[in-house]
Amino acid sequence: MLNIVLFGPPGAGKGTQSQKLLDKYNLIHLSTGDLLRSEIAAGTALGLEAKKLMDNGLLVPDEVVIGMIENKVKEHRQAAGFIFDGFPRTVPQAQGLDKLLQDNDTEISAMIALRVDDEELTKRLLLRGQTSGRPDDQNEELIRKRVQEYNTKTRPVADYYAGQGKFFAVDGIGEIEDIFKALCQHIDALKEKQEEKK
């Protein structure tokens with residue numbers, strides 16, 4: 001199984017690139033936001049628990065999110081693999097994800113980060129705000145805060161995967177196709193390694 005954590009700050013282009021990767025490698029997209037919404041809509045036990053917390057303005061705990069991911073992994077045992085988008089965001093989440101995948105006889109193949117400097121991100125998000133209508137993309141101060149929070153909280157996750165020899169970074173500035181090619185080079189190399197191990 002090819003399991004990729006696509007990593008990058010808000011505005012790095014993860015949405016655009018993950019869609020292209022899903023199509024090319026026939027992977028399943030695992031976005032925690034989508035998972036939460038679908039579990040809540042389906043009225044599952046985990047969904048109801050998550051909704052109760054969210055309605056009270058509380059964060060959904062890691063074990064609930066990991067439970068939802070596990071349901072999805074079990075549901076797609078025959079899949080070519082997954083792209084994890086927006087998760088893990090902390091080292092405990094990464095450890096929980098490792099354990100869950102291990103229990104299901106698979107593992108994270110790599111974390112690939114899209115690197116974009118803070119100024120470029122701010123510019124992109126302000127531009128996006130003009131068309132997306134998202135209020136958090138229209139306030140420069142809020143944007144800088146989000147980018148800062150990403151840098152502080154999620155950098156240790158990159159270090160965690162680097163410690164396992166699974167961290168790769170790709171320049172997220174440039175033509176969409178060029179960035180996509182750079183991502184594919186890493187993924188093709190990973191696939192070759194997996195084939196050799198078989």
Side-chain angles (χ1 to χ4, degrees), residues 1-15 17-19 21-22 25 27-39 46-47 49-50 53-54 58-77 79-116 118 121 145-172 179 182-184 186-187 189-191 193-194 197:
M1 243 187 193
L2 188 67
N3 297 313
I4 306 289
V5 176
L6 194 59
F7 208 56
K14 290 190 303 292
Q17 294 298 341
S18 67
Q19 197 44 62
L21 293 171
L22 292 169
Y25 294 101
L27 301 171
I28 289 172
H29 188 235
L30 264 182
S31 148
T32 44
D34 293 349
L35 272 182
L36 280 168
R37 283 186 287 277
S38 69
E39 294 264 349
L46 285 172
E49 191 181 333
L53 292 163
M54 287 158 77
L58 299 169
L59 282 177
V60 179
D62 291 353
E63 58 269 22
V64 173
V65 178
I66 286 181
M68 291 178 182
I69 291 173
E70 181 155 31
N71 291 346
K72 203 75 171 163
V73 169
K74 285 183 169 159
E75 192 186 314
H76 295 283
R77 282 196 186 283
F82 296 91
I83 284 189
F84 293 90
D85 178 0
F87 190 89
R89 286 173 193 247
T90 63
V91 171
Q93 287 179 355
Q95 290 165 334
L97 183 59
D98 275 355
K99 185 180 178 331
L100 145 78
L101 293 174
Q102 222 170 0
D103 292 347
N104 287 278
D105 299 321
T106 184
E107 63 178 4
I108 291 296
S109 313
M111 168 189 263
I112 305 178
L114 291 170
R115 261 199 313 239
V116 182
D118 293 0
L121 290 170
K145 211 171 174 175
R146 275 162 63 203
V147 170
Q148 180 58 44
E149 179 153 329
Y150 168 85
N151 288 335
T152 313
K153 284 198 177 149
T154 47
R155 182 113 349 115
V157 182
D159 295 340
Y160 174 78
Y161 286 110
Q164 298 180 2
K166 293 179 178 180
F167 178 79
F168 304 93
V170 166
D171 190 357
I179 298 166
L183 288 168
C184 292
H186 283 298
I187 293 172
L190 285 169
K191 285 184 75 168
K193 261 195 207 146
Q194 282 185 349
K197 275 186 190 168

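Here, residue 1 is the first one in the sequence, and each next residue gets the next number.
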Short side-chain to backbone donor-acceptor contact, [X] and [Y], under 3.5 Å:
X      : Y      : answer
Asp34  : Leu30  : no
Gln194 : Met1   : yes
Asn3   : Glu107 : yes

If you measure from [atom1] on [X] to [atom2] on [Y], what distance do you get to the nearest 0.5 Å?
X      : Y      : atom1 : atom2 : answer
Ile66  : Met68  : CD1   : CE    : 12.0 Å
Ser38  : Lys72  : OG    : NZ    : 5.5 Å
Asp159 : Met111 : CG    : CE    : 9.5 Å
Leu35  : Asn71  : CG    : CG    : 9.0 Å
Ile112 : Gln17  : CD1   : CD    : 10.5 Å

If you compare all heavy atoms of [X] against all heavy atoms of [Y], which two are closest, and at what distance to 0.1 Å?
X      : Y      : value
Leu190 : Ser109 : CD2-O, 3.7 Å
Val64  : Ala50  : CG1-CB, 4.4 Å
Arg146 : Pro10  : NH2-CB, 3.5 Å
Leu114 : Ala12  : CD1-O, 3.7 Å
Val170 : Ala182 : CG1-CB, 3.7 Å
Cys184 : Leu21  : SG-CD2, 4.3 Å

Quick check: do [X] and [Y] have side-chain heavy atoms less than 4.5 Å from each other?
X      : Y      : result
Pro92  : Asp62  : yes
Asn104 : Arg77  : yes
Ile187 : Leu2   : yes
Thr154 : Glu149 : no
Leu46  : Leu36  : no
Ile179 : Asp171 : no
Leu101 : Ile108 : yes
Val5   : Val157 : no

Table please: side-chain donor-acceptor pairs of residues 80-90 below 3.5 Å, with sequence neighbours left out.
unit_1 : atom_1 : unit_2 : atom_2 : d
Asp85  : OD2    : His29  : NE2    : 3.0
Arg89  : NE     : Gly86  : O      : 2.9
Thr90  : OG1    : Gln93  : N      : 3.2

ask   = Is the shortest side-chain N to carboxylate O distance from Lys74 to Glu70 below 4.0 Å?
value = yes
Ion pair check, Asp103 and Lys99, cut-off under 4.0 Å = yes
query = Run the side chain to side chain contact (heavy atoms under 4.5 Å, CB included) check on Ile28 and Leu22 step by step: do they pass?
reply = CA-CA 6 Å; Ile28 289 172; Leu22 292 169; 5.7 Å; no
request  = Look at atom CD of Glu75 and say whether more than 12 heavy atoms of other residues, nucleotides or ligands are closer to it than 6.0 Å.
outcome  = yes
Exceeds 12 heavy-atom contacts within 6.0 angstrom, atom CG of Leu58 =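 Check passes, neighbour count above 12.
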query = Gln164: what forms a side-chain contact (heavy atoms from CB on, under 4.5 Å) with it, not counting sequence neighbours?
reply =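 Result, side-chain contact (heavy atoms from CB on, under 4.5 Å) vs Gln164: Asp98, Tyr160, Tyr161, Lys166.
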key: Within the 6.0 Å centroid threshold, strictly below: Phe168 and Phe7   =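 No: the rings miss the under 6.0 Å criterion.
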